[in-house]
Amino acid sequence: MKNTNSYVLSFRETDKTNLATVGGKGANLGELAGIKGINVPDGFCISTEAFIKTIAEMPSINELLDQLSYLSVEDRVKIGVLSGEIRKAIEKASIPEDIANEIANYLTKFGVKDAFAVRSSATAEDLPSASFAGQQDTYLNVIGTEAVLKHISKCWASLFTDRAVIYRIQNGFGHRKVHLSVVVQKMVFPEASGILFTADPVTGNRKVLSIDAGFGLGEAMVSGLVSADLYKVHNGEIIDKKISTKKMAIYALKNGGTHEQEIGHEEQEKQALTDEQILELECIGRKVEEHFGNPQDIEWCLAGDSFYIVQSRPITTLYPIPEVDDQENHVYVSVGHQQMMTDAMKPLGLSFFLLTTPATMRTAGGRLFVDITQMLSSTAGRHTLLNVLGKSDPLIKGALTSIIDRGDFIKLLSEDKQNPVPAKSPANAMHRDYQALNDYDPAIVSELIRSSQNLIESLKQNIQRKSGTDLFDFILEDIQQLKKTSADSQSFNVIMTGMNASAWVNEKMNEWLGEKNAADTLAQSVPNNITSEMGLELLHVADVIRPYPKVIAYLKQVKDDNFLDELIRFDGGQEVRGAIDTYLNKYGMRCAGEIDITKTRWTEKPSTLVPIILNNIKNFEPGAGSRKFEQGHKEAWRKEQELLLRLAALPDGEHKMKETKRMIDLIRNFAGYREYPKYAIISRYFVYKQALMKEAEQLVKAGVIHKKEDIYYLGFEELREVVHTHKLDYQIINKRKDEYKLFEKLTPPRIMTSDGEIVNGKYSHEDLPVGAIAGLAVSSGVIEGRARVILNMEDADLEDGDILVTAFTDPSWTPLFVSIKGLVTEVGGLMTHGAVIAREYGLPAVVGVDNVTKLIKDGQRIKVNGTDGFIEIL
């Protein structure tokens with residue numbers, strides 16, 4: 001650790017161990033100054049101790065800080081007033097004499113006419129988990145001791161600008177806990193300056209370096225006065241250049257301060273850096289990145305023939321790359337986009353999913369990814385991926401095609417080394433002949449469901465006798481049974497039969513009759529769909545409650561989860577409680593994000609369902625559940641009759657009718673089962689979870705953990721070891737809690753490479769209406785209505801006829817589907833849960849629309865075209 005005994009520390013006296021003393025900027029400059037071959041303009045830091053001492057001598061500020069600590073982001077006017085008062089007080093106060101003298105003495109090491117940049121450096125700035133860049137102020141070309149002292153006070157005051165205060169509130173940093181150091185750095189008067197990212201900030205590619213460059217000081221670019229040149233470099237080669245018209249630059253004035261200066265017409269289109277300088281800057285960037293150990297956002301300037309580095313901070317917006325043991329290229333596909341759950345998962349949730357899946361999985365940023373590298377190295381594997389994933393999600397197909405078209409990123413193995421796609425694999429099943437899938441009795445579905453339910457009941461009985469490490473061994477053994485059931489060929493063939501029959505009907509009806517997506521209507525109200533039944537059965541619960549106004553009034557003010565016990569006080573309460581309990585016994589293991597075992601289930605928090613039940617009472621008449629199912633059934637039957645009648649009039653009509661009728665029967669008999677295997681997995685998950693939470697209670701009683709939910713931050717084997725030894729290093733839990741908060745803010749990509757590049761596909765919609773937002777059509781029909789942008793199911797306050805716009809919907813969202821007329825999501829494919837249920841309920845739906853929850857505002861009227869796959873804002 002470098003010197004911390006003084007109010008003033010030179011860059012050579014500081015490094016990353018001095019973060020609390022000199023803040024993020026100061027610590028990073030100390031690190032940079034220690035890298036051989038990197039030019040850093042000389043300078044020093046005024047320590048946080050100087051700031052603390054100065055503030056301590058101003059008692060009036062304490063009261064203002066107290067008032068500030070009670071405010072939330074919404075109190076912008078009060079924040080503005082209080083922040084202004086604090087800034088004025090700091091700027092007016094004299095810097096304590098001993099601090100001022102030490103700064104003045106240090107400045108004598110420089111020339112009296114030397115100019116300085118005076119920059120704030122907060123202790124919570126430029127951290128790996130939060131960039132406070134731009135939150136405090138910077139002053140350039142400051143000359144003379146008196147001016148430097150004055151601008152140090154200004155920097156201290158800038159800790160309390162409105163934007164800095166609001167940023168801290170948003171990110172949970174206490175105003176008293178963030179202290180300010182000030183960096184005083186000798187000015188460089190550059191011909192050019194800019195920003196260098198050692199990873200492409202747009203695509204995330206860690207091997208592509210991105211440079212913004214302009215003439216003069218960098219402030220013109222930072223403030224948005226001019227556009228910068230953009231250069232991209234990959235392994236010593238400039239791969240892209242965009243030369244901007246640079247009409248102006250900011251330069252330093254001789255006696256202090258800066259001014260804007262117009263650039264001569266003949267210079268405006270000139271590159272700010274030569275190609276040789278661009279490549280020299282690449283080498284500098286890579287050297288800095290190597291020192292810090294992660295991608296960096298670097299401020300640089302060019303004076304004479306030398307580059308100077310004036311700041312470096314981590315790039316906090318990049319999505320982490322999955323870790324692998326080799327140096328080969330890899331391609332990863334997001335599991336969350338297939339499972340309709342792109343939220344971050346806690347470690348216990350990740351480890352359970354990894355235990356239950358046979359696929360080659362990686363984790364990154366709290367999410368799961370399938371490593372598809374091996375499949376991409378064979379011709380058959382590529383064909384299968386494009387047809388299976390591509391059919392479901394065109395954005396993934398586009399991204400995969402882009403990677404394959406590069407040719408050399410994942411090389412094709414020679415034919416003798418290629419692994420064939422197994423005949424029984426899910427991927428290959430998509431291409432089987434339709435005829436071969438028609439040898440099943442419809443009764444197979446009931447048999448599969450009955451067998452699965454028997455296994456779950458057996459699990460519930462047997463697990464009760466297990467505890468300690470025996471419980472973990474038992475769960476591992478049962479997971480093998482779960483994997484066996486999930487991979488059951490009969491179960492899989494039933495699902496594929498329904499999917500393939502739907503694909504056949506859509507393809508042939510379009511070809512023969514010019515009718516798009518006919519299977520969507522034919523799939524309405526199919527039997528044995530456990531997820532769609534779940535939504536309709538909550539309408540039946542509403543019917544039970546509807547006759548009892550006092551129960552309804554009580555439910556409207558329910559705040560906690562003990563409300564079920566209180567229900568029996570009311571007329572009809574016993575009956576209502578029975579109806580809710582029956583529902584929870586069947587569906588209580590479900591919740592939003594249910595593939596993460598740590599998520600709170602409905603049984604654990606039944607109040608989640610109360611707003612939906614109340615909406616059902618408000619929006620529907622008695623018997624709506626049965627009527628909705630019957631209505632869907634009739635529409636499917638009418639569509640079937642209409643298609644068969646039209647086919648009869650075609651050449652070879654009788655054969656076409658017969659074949660179509662057979663496919664429609666396959667849809668009606670088998671499509672509903674698609675949702676059951678997931679229900680069975682989640683049912684098992686909840687049994688495991690309940691048993692593990694009992695172990696967690698014992699750990700709390702023994703003082704090993706603070707609260708039960710802390711086990712969520714341990715992997716399965718780690719938790720087993722804690723149960724066995726009753727020992728735990730709590731730093732692991734605290735570190736993972738911090739990581740999880742960071743991961744929650746990240747948006748996972750559909751497809752990424754081992755270079756960190758996020759590869760995006762595009763929809764190829766032709767002739768879209770002007771201004772329309774493109775997506776994937778997954779359920780036919782066109783509907784207009786009010787958009788309700790809802791990110792949490794509990795926040796849903798829907799009127800009949802609303803259109804639900806959200807990030808993703810897993811099965812837990814189904815109870816809302818009975819109240820809406822259309823669906824739009826950011827995530828999803830043709831066979832994801834939201835799409836399947838939308839088709840069964842007859843809701844027009846468009847999914848896979850990037851950023852749609854930001855593009856559409858809550859309350860706007862929109863038109864959803866679920867036939868052609870676009871949304872219009874009306």
Side-chain angles (χ1 to χ4, degrees), residues 339-341 343 345-346 348-353 355-357 448-464 466 471 474-475 478-479 481-483 485-486 528-538 540-541 561 564 577-610 612-613 673-696 708-709 711-712 716 792-794 808-817 833-834 836-837:
Q339 290 290 335
M340 296 293 271
M341 210 296 274
D343 288 347
M345 294 169 72
K346 297 188 179 82
L348 190 63
L350 289 169
S351 70
F352 255 96
F353 201 98
L355 286 170
T356 53
T357 179
L448 285 166
I449 290 172
R450 189 162 47 250
S451 167
S452 177
Q453 285 174 339
N454 290 340
L455 288 170
I456 292 164
E457 285 309 312
S458 170
L459 168 64
K460 285 178 182 175
Q461 297 301 318
N462 295 334
I463 204 167
Q464 288 175 10
K466 306 294 178 184
L471 169 65
F474 174 81
I475 289 174
D478 192 74
I479 283 173
Q481 172 67 52
L482 169 59
K483 284 164 90 166
T485 309
S486 300
N528 296 310
N529 189 320
I530 190 78
T531 308
S532 61
E533 286 167 9
M534 179 172 71
L536 299 174
E537 283 181 35
L538 205 58
H540 300 325
V541 173
D561 293 299
L564 290 173
R577 162 121 205 206
I580 295 174
D581 280 343
T582 301
Y583 187 85
L584 289 173
N585 286 338
K586 189 171 180 183
Y587 302 110
M589 81 296 289
R590 310 219 86 151
C591 67
E594 61 192 10
I595 63 167
D596 181 352
I597 201 169
T598 72
K599 293 278 190 181
T600 305
R601 311 283 141 174
W602 290 344
T603 293
E604 296 169 316
K605 192 177 179 352
S607 59
T608 305
L609 294 173
V610 170
I612 306 170
I613 293 169
Y673 179 72
R674 160 76 177 78
E675 292 289 299
Y676 191 83
K678 174 95 178 271
Y679 171 83
I681 291 169
I682 299 306
S683 298
R684 263 189 154 102
Y685 263 30
F686 189 46
V687 179
Y688 302 153
K689 182 182 183 181
Q690 286 174 305
L692 289 175
M693 293 315 275
K694 283 182 185 171
E695 291 298 319
K708 288 187 300 182
E709 290 74 20
I711 70 167
Y712 296 163
F716 183 84
N792 295 305
M793 203 177 85
E794 302 91 288
F808 56 81
T809 64
D810 59 9
S812 71
W813 286 69
T814 304
L816 293 183
F817 283 26
H833 303 280
V836 171
I837 305 304

Short side-chain to backbone donor-acceptor contact, [X] and [Y], under 3.5 Å:
X      : Y      : result
Ser452 : Leu448 : no
Arg601 : Glu594 : yes
Ser458 : Asn454 : no

Please lay out, stage by stage, how Thr814 and Leu538 fare under the test side chain to side chain contact (heavy atoms under 4.5 Å, CB included).
-> CA-CA 10 Å; Thr814 304; Leu538 205 58; over 6 Å; no

With sequence neighbours excluded, tell me which residues meet side chain to side chain donor-acceptor pair (under 3.5 Å) with Arg577.
->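 Side chain to side chain donor-acceptor pair (under 3.5 Å) list for Arg577, sorted by chain: Asp565, Asp581.
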
Given side chains that start at C-beta, do those of [X] and [Y] come closer than 4.5 Å, heavy atoms only?
X      : Y      : result
Trp602 : Ser812 : yes
Tyr587 : Glu533 : yes
Lys466 : Ile475 : no
Thr356 : Ile681 : no
Asp810 : Gln339 : no
Lys678 : Ile595 : yes

Please assess Tyr688 against Leu355 for the test side chain to side chain contact (heavy atoms under 4.5 Å, CB included), listing each intermediate value before the final yes or no.
-> CA-CA 13 Å; Tyr688 302 153; Leu355 286 170; over 6 Å; no

Apply side chain to side chain contact (heavy atoms under 4.5 Å, CB included) to [X] and list each qualifying residue two or more places apart in sequence or on a separate chain.
X      : value
Thr598 : Lys346, Leu348, Asp596, Tyr712
Lys694 : none
Ile449 : Val445, Gln453, Asn528, Tyr673, Tyr676
Lys708 : Met693, Ala696, Glu697, Val700

Listed by chain and number, what are the ring-ring contact (aromatic ring centres under 6.0 Å, His included) partners of Phe716, not counting sequence neighbours?
->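 Partners of Phe716 under the ring-ring contact (aromatic ring centres under 6.0 Å, His included) test: Phe352, Phe472.
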
Step by step, work out the side chain to side chain contact (heavy atoms under 4.5 Å, CB included) result for Met589 and Tyr679.
-> CA-CA 9 Å; Met589 81 296 289; Tyr679 171 83; 3.9 Å; yes

Can you check side chain to side chain contact (heavy atoms under 4.5 Å, CB included) on Thr531 and Arg674, steps first, answer last?
-> CA-CA 10 Å; Thr531 308; Arg674 160 76 177 78; over 6 Å; no

